[in-house]
Amino acid sequence: MTAINWNIGVVVGVADGDTITVFPGTFSECVTISGLSEISVIGKHGAVIDVSGCPVGVIIENGGNIVFKGFTLTGATLQGIAVQPGAND
């Protein structure tokens with residue numbers, strides 16, 4: 001499956017090579033990026049992801065060369081960001 005499981009603005013139709021920009025705000029959710037390569041997810045200054053209730057806030061799996069930067073993560077109970085087996089970078 002190729003997807004970003006994320007409620008921020010409905011991220012649909014993401015393809016390899018895309019850049020997603022997230023504007024300032026606080027978003028309460030867990031994020032999974034799966035099956036994508038060469039994408040960038042960039043948080044503008046003030047983009048906060050509240051991952052309260054998620055053992056891992058952001059999971060990257062089954063892809064490669066993912067850039068995920070510019071965010072403040074709060075509330076993870078185990079780990080903020082995890083790169084799972086099958087992800088190259």
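Hydrogens, waters and symmetry mates play no part in the numbers below; they use all other heavy atoms, side chains included. Note that the numbering runs from 1 along the sequence shown for the chain.
- Between the CG atom in L73 and the CD1 atom in I81 there is a gap of 5.0 Å [rounded to 0.5 Å].
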Step-by-step side chain to side chain contact (heavy atoms under 4.5 Å, CB included) determination, F27 to V22: CA-CA 10 Å; F27 308 94; V22 178; 3.8 Å; yes
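- The two residues A82 and V56 come nearest to each other via the heavy atoms CB-CG1, 3.6 Å.
- Contacts of E38 classified as side chain to side chain contact (heavy atoms under 4.5 Å, CB included), with partners at least two apart in sequence or in another chain: N65.
- Residues satisfying the side chain to side chain contact (heavy atoms under 4.5 Å, CB included) test with D50, not counting sequence neighbours, are T26, S28, S52, T74.
- N62 places no side-chain N or O within 3.5 Å of a backbone atom of S34 that could act as its donor or acceptor partner.
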Can I get a per-line list of side-chain donor-acceptor pairs under 3.5 Å for residues 42-49, giving both atom names and the distance, sequence neighbours left out?
none

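- Considering I33, I39, V83 in turn, I33 is the only one that fulfils the side-chain contact (heavy atoms from CB on, under 4.5 Å) rule with F68.
- A chain of hydrophobic side-chain contacts below 4.5 Å, direct or via other Ile, Leu, Val, Met, Phe, Trp or Tyr residues, connects F71 to V51.
- For the residue pair G57 and A76, the shortest heavy atom distance occurs at N-CB, 4.3 Å.
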